[in-house]
Amino acid sequence: YNKRCRNVYYTDELQDDFAEKTPREELGESYKYIKGKTSRFFSTLFAYLFARPVCQIARLFKGVKVVSGKEYLKELKKKKVGFYVASNSNSQFSRVMDSLLIHPRRTNYVGFSDAWYKKGRRWFLRNLGFLPIPNSENYYKNFEEALDYYVDELHQACVFLPERTYWPYFIGVRPFVEKYFVLPTRHDSPLLPIYYGFRKRTGIYRLFGKTPLLTVAIGKPIYKEEYQSENKANTLMNLTHERMDELARSFDQEKYLTYVKRQPEEDRKKLTILVVCDVYGETNNGTIAVEKDLIRYLKLKGHTVRVLCN
C-alpha cells in the first residue's frame, strides 16, 4: 500500500469519467473513415518514421515493462488475419503502447470524437489510425465499413476500450460495455486481451518521479470457436473480462489512487441519532409523549435512533 495514496470518489463505474471534459463533434455523412491510397501512404510514413521512434524513446523514459504474454502476441502476428484488441483504460500512454506492441501491424483505435477536440490533435490522431465512434446511429454504416476494410481486408488491428471511461491509475478490471464486443463478433475475428497495471518505481526511476510505472500483461487470444453461442457478444465479453482479471492478479501492483464509491444522496443523509432523556417509558405525561413523537418522526425519515435514559 502506498502511503501517498489519495482517494477518488465515484458513484457509477460505467458512467463516471475522469478524463478531461471536452465536447464531442457531430460526425456527418461526409466524414471519410476510409483513406485513399495516397493518404494511407503518408500516414504510414508518419507513423513509422516519426511517431514510432518518438514513442519508443518515451517508453524508455517512462519505464514501461511487459511482464507476460509476448508469446501470445507473437502467435497472433504470424496469422494472416486482422484482429481486435481489448484493453483497460487507466493510462493515456497505454494507447501508445498498443501501437508499439502490435508493430509492424498498423493499429486503429476506436474512441469518441472528443479525443481530438483540441487544436492539432485531429490531424495527429487521424494519421495514427483513430476511428471516431459516430454520435448518431445513422452514420454507423460508414464506421462499420471502415472496420471491415482495415481489419478484414488489410489485416490490421483495431483497439477498443470496453470499460468506456477513463480512470487514471486504477488497479483491476472494471465492468465492460457489451456493445463494444459486437465489433469482433461481426466477422468472428480473434480478440487479444491486454491489461495495463502499475508497479513500484525501483532503481534509477525513483529519481524521476513518484507515480508508479506502467506495466503490461498480454493474455491468450480468444478465437471464434470459444465464443460461439446465441449471444456471441456477451460470451466474448465475459471471456475477455475473466482473462483480463487473471492478468490483473498475475503480478504485484502499486496503488497510487484509491477509488471509493460514494453512497447515494439519500443514504448519505441517513444518520444514527442518540436521543438522551431523563425519563422514557409508558406515555403517561407530556414529556414522554413529545420524546416518542420525535423518535417516530426521525425513524420515518430513515434515521437510526438510539435512546439513552436513566
Side-chain angles (χ1 to χ4, degrees), residues 10-19 68-69 72-73 75-76 79 81-91 94-95 97-98 101-102 105 107-112 115 129-135 137 140-141 143-148 150-152 156-168 170-197 216-250 253 259 261:
Y10 71 94
T11 54
D12 191 311
E13 288 182 285
L14 288 174
Q15 300 299 326
D16 290 0
D17 194 347
F18 297 98
S68 65
Y72 297 134
L73 186 57
E75 166 197 328
L76 197 54
K79 298 179 181 293
V81 294
F83 58 91
Y84 285 81
V85 176
S87 63
N88 54 323
S89 182
N90 58 7
S91 169
S94 59
R95 304 290 71 79
M97 281 303 302
D98 291 331
L101 291 170
I102 297 168
R105 296 280 188 99
T107 307
N108 302 282
Y109 303 88
V110 171
F112 295 108
F130 183 72
L131 298 175
I133 300 172
N135 296 338
E137 293 186 1
Y140 259 78
K141 181 181 178 181
F143 174 69
E144 291 176 345
E145 287 178 351
L147 290 176
D148 295 343
Y150 290 121
V151 178
D152 296 330
Q156 296 180 0
C158 179
V159 178
F160 65 91
L161 310 176
E163 292 174 335
R164 200 177 77 87
T165 55
Y166 175 65
W167 288 27
F170 181 81
I171 290 177
V173 184
R174 293 181 283 128
F176 289 167
V177 178
E178 184 178 324
K179 66 179 181 180
Y180 287 102
F181 291 88
V182 175
L183 302 177
T185 59
R186 291 174 64 245
H187 297 290
D188 292 336
S189 302
L191 184 140
L192 181 72
I194 298 180
Y195 174 78
Y196 290 94
V216 189
I218 303 170
K220 185 178 180 181
I222 303 173
Y223 295 102
K224 63 180 181 180
E225 293 79 13
E226 298 181 68
Y227 60 79
Q228 295 303 311
S229 64
E230 292 184 4
N231 189 343
K232 293 192 288 187
N234 183 265
T235 303
L236 180 58
M237 179 186 71
N238 292 331
L239 277 172
T240 306
H241 197 282
E242 287 176 10
R243 294 198 182 175
M244 288 181 65
D245 189 54
E246 290 174 2
L247 294 173
R249 292 184 277 106
S250 66
Q253 299 193 62
Y259 285 83
K261 187 170 185 178

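Excluded from the calculations below are hydrogen atoms, water molecules and symmetry mates; all remaining heavy atoms, backbone and side chain alike, are included.
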Between [X] (side chain) and [Y] (backbone), is there a donor-acceptor pair under 3.5 Å?
X: Tyr195; Y: Gly172; result: yes
X: Gln228; Y: Glu225; result: no
X: Asn88; Y: Tyr196; result: yes
X: Arg243; Y: Pro221; result: yes
X: Arg174; Y: Thr165; result: yes

* **Close aromatic pair by centroid cut-off 6.0 Å: Tyr259 and Phe18** => yes
* To do: Using only heavy-atom distances, determine whether the side chains of Ser89 and Arg95 contain a donor-acceptor pair under 3.5 Å.
  => no
* To do: Check whether the side chains of Glu178 and Asn234 place a donor and an acceptor atom closer than 3.5 Å, and report yes or no.
  => yes
List in chain and number order the residues that pass ring pair (Phe, Tyr, Trp, His ring centres under 6.0 Å) with [X], two or more places apart in sequence or in another chain; answer none if no residue qualifies.
X: Phe181; result: Phe160, Phe176
X: Tyr227; result: none
X: Tyr166; result: none

* Which value, rounded to the nearest 0.5 Å, describes the distance between Glu242 atom CD and Met237 atom CE? -> 10.5 Å
* **Atom pair CG/CD of Leu183 and Glu144 - distance to nearest 0.5 Å** => 7.5 Å
* To do: Quickly, which of Asn231, Leu191, Val182 forms a side-chain contact (heavy atoms from CB on, under 4.5 Å) with Leu236? Name it, please.
  => Leu191
